[in-house]
Number of protein chains: 2
Amino acid sequence: MAGIHEVARHAGVSITTVSHVFSGKRPVAPETRVKVLQAAEALEYRPSRTARGLATGRAMTFGLHFPFAGDSFVLNPYFPALLQGLSAAAAESGYGFLLIPSSQDGDAPLDELLRARRLDGVIVADPESSDPVIPTLVGSNVPVVTTGRFVPDPNLPWVDNDHGGAIRDLFAHLDEQGYGRPALLSTRGGYSYIADTEASYTEEAERRGMPVTIRRPPDLSEEQGYRHAIRLLDRREPPDVIIACVDRQAIGVLRAADELGVRVPEDLGVAGEGDTVLAVHSRPPLTSIRVHPGELGAAAVESLLRLLEGERADNRMIPADMVARRSTRRDARTTPGRAARSRRPSADRG
Amino acid sequence: MAGIHEVARHAGVSITTVSHVFSGKRPVAPETRVKVLQAAEALEYRPSRTARGLATGRAMTFGLHFPFAGDSFVLNPYFPALLQGLSAAAAESGYGFLLIPSSQDGDAPLDELLRARRLDGVIVADPESSDPVIPTLVGSNVPVVTTGRFVPDPNLPWVDNDHGGAIRDLFAHLDEQGYGRPALLSTRGGYSYIADTEASYTEEAERRGMPVTIRRPPDLSEEQGYRHAIRLLDRREPPDVIIACVDRQAIGVLRAADELGVRVPEDLGVAGEGDTVLAVHSRPPLTSIRVHPGELGAAAVESLLRLLEGERADNRMIPADMVARRSTRRDARTTPGRAARSRRPSADRG
DNA sequence: TTGTATGCGTTATCAT
DNA sequence: ATGATAACGCATACAA
């Protein structure tokens, strides 16, 4: 592997200049810059992360905390995708990472990592309100960014999926399709995405003068979706749409409708969240909200890097897309009614 | 953070000696050794991994490849646990890691990581026979260890769960409970654990003069378990036990039995694999095979480290335990019939 | 069995 | 806008 010295020699400049071309920490004359870049390209130069770490006193490692405890990770493709996105973004900026075990296994591993300064920062994925890892982290002064907001402390730096916006798009679509009595299936637990979805649902329904019906099963399983759908459809004035917080739940709703002889989408619209394979392959295909875990991961890393530089993090919302499929399409249009909102992330400093 | 110099001064030795106490790369007199250790303890010394990496030319990073592509990761708690185990073991030996995206996303990220020498070694979790990542890896001369064997190349270093042993224990138990017609539900695809389970099942059944019945649904879903169980139980001579390769599949079998009015465990024994929450909470509780993904991860890291030292890896089998629960217990014993085999890993050099 | 001295590839400090 | 040089914390060849 070529080092900074060879690049410097090749470009006819000092190693200092080469260093600054790659770190961007001080201005370099445009011509010098291209000379260096060309030399680096020719020599296939890559800055060494260990050397950089040694010089800067950084471990070049992030901690990642996932909600392993429940079955949420296990049964939602969102998390592997997020993990993948985080890893890719970390790799790109020269970092590696380590997983922080959920604290039910004891805090020992985390404490040790913290004391040994093995972690430059930590990303916590979709923290539950009661997660004890966050206080530990904050107490030790490690930079922390969460994906999804930490409800008990809104001041923690975060990046998030714009569920609220997607729900608004969904309501516009449902309205257009002539639905008027939407019910929401969410769950318990203090996840911000649940709170956002409920808030946005309530606001949209009220704004349109529709009844507000929220059911909160203990978990997001298909089974619970099935059970609650059965009950909802058995009421005197049943909903004409059931929105689930997760595709898996929505699949349960479809099964319930099928068993009761309720036609989808004619008698009942069904929408999920996540836009997983489940949505694509269900019968009928499921209207769902597509989130972008990869982008979210990249945003989280970016935010964390900013924190490491001593700058203030800017919280970002990653747009989510409503994907209308047959399960809410009473008309026979073939063009998917994708949301036309800008995909440009909105900024929200704080 | 205290450095090697301070420890050396504190212990009255040279930094060389301190270094060797921690690396174990050359003998140190016992008394010297304890002096150093005490000093290190007092100063809360931790060797710096970046410094070590810089000096040795290592990236101090492992690559991890998981079968994200299918839904296997998504729907099996085994993988998060394995990931956690791998991370913990890596952390302990001073390493961090990076995820290697499945190659359907293009090989670009992996190639770049390889060229930049960002990875000291790679662990591939349960590779399918057709996984193109392995050839890429082997071609680039990175040390590789797989969890579960890579069927096309048995010479790749591996660590594995001893499914075969657990199946033998299961048969002993089933025999004891008077079952005589066990069927196996596995799946397609070239996973070594499927091959092992099928081989061990066939061997045990034949040895006991029992009929051999294997069904291979396209995937390991509950739905497939349900469907195939319905068909199996509808035959003229239905099995009196159905063994599934995954708890989730077994849950489908239970549902089928319930619908058909087949009593479990009286008319039909049901066994799963994984010993997940599904097994514990199903009705009746499910006999299952408990594997130890944490230990497996630790073994994989250990093996990879050995490879990095230039030694030859020794492939290891991690024992798996058969946990007998109500779903195969015709008697009313309350003591769990846990396998009494030694938990000591067996070695198999090669 | 132990110590001395050099090097690993960067960043940062202080000059120019 | 650019350079010379000293850390950074450890491993190791070589010496004793």
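What you see is a predicted model, and the numbers here were worked out from it, not measured in a lab.
- Interface limits on DNA chain D: the 5'-most and 3'-most nucleotides within less than 4.0 Å of chain A heavy atoms are D/dA1 to D/dG9.
- Between the B/R316 side chain and the B/A299 main chain, no donor and acceptor come within less than 3.5 Å of each other.
- A donor-acceptor distance shorter than 3.5 angstrom exists from the side chain of B/E6 to the backbone of B/G3, with no hydrogens or angles considered.
- Under a 3.5 Å cut-off, the side chain of A/D120 and the backbone N or O of A/M60 do form a donor-acceptor pair.
- With A/T61 contributing its side chain and A/A59 its backbone, the two residues share a donor-acceptor pair below 3.5 Å.
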- prompt: Please, what dot-bracket string fits DNA chain D when only Watson-Crick and G-U pairs with both distances under 3.5 Å count, crossing ones use [ ] and pairs to another strand use |?
  reply: ||||||||||||||||
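- The side chain to side chain contact (heavy atoms under 4.5 Å, CB included) test with B/L110 is passed by exactly one of B/V122, B/V142, B/L137: B/L137.
- Here the side chain of B/T147 pairs a donor or acceptor atom with the backbone of B/D126 at under 3.5 angstrom.
- The backbone N or O of B/I100 sits less than 3.5 Å from a side-chain atom of B/H65, completing a donor-acceptor pair.
- When the P atom of C/dG7 is taken as reference, atom CZ of B/R58 falls 21 Å away, rounded to whole Å.
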Might you list the N or O atoms of the protein lying below 3.5 Å from N or O atoms in nucleotides 9-13 of chain C, with each pair's distance?
from: C/dT10; atom 1: OP1; to: A/Y45; atom 2: OH; distance (Å): 3.1
from: C/dT10; atom 1: OP1; to: A/R46; atom 2: O; distance (Å): 3.4
from: C/dT10; atom 1: OP1; to: A/S48; atom 2: N; distance (Å): 3.2
from: C/dT10; atom 1: OP2; to: A/I4; atom 2: N; distance (Å): 2.6
from: C/dT10; atom 1: O5'; to: A/Y45; atom 2: OH; distance (Å): 3.2
from: C/dT11; atom 1: OP1; to: A/R52; atom 2: NE; distance (Å): 2.9
from: C/dT11; atom 1: OP1; to: A/R52; atom 2: NH2; distance (Å): 3.2
from: C/dT11; atom 1: OP2; to: A/S19; atom 2: OG; distance (Å): 2.3

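- Looking at A/R118, its side chain does come within 3.5 Å of a backbone N or O of B/A91 through a donor-acceptor pair.
- Checked by atom type and distance alone, the side chain of A/R49 pairs as donor or acceptor with a backbone atom of A/G94 at under 3.5 Å.
- A donor-acceptor contact closer than 3.5 angstrom is absent between the side chains of A/D314 and A/S303.
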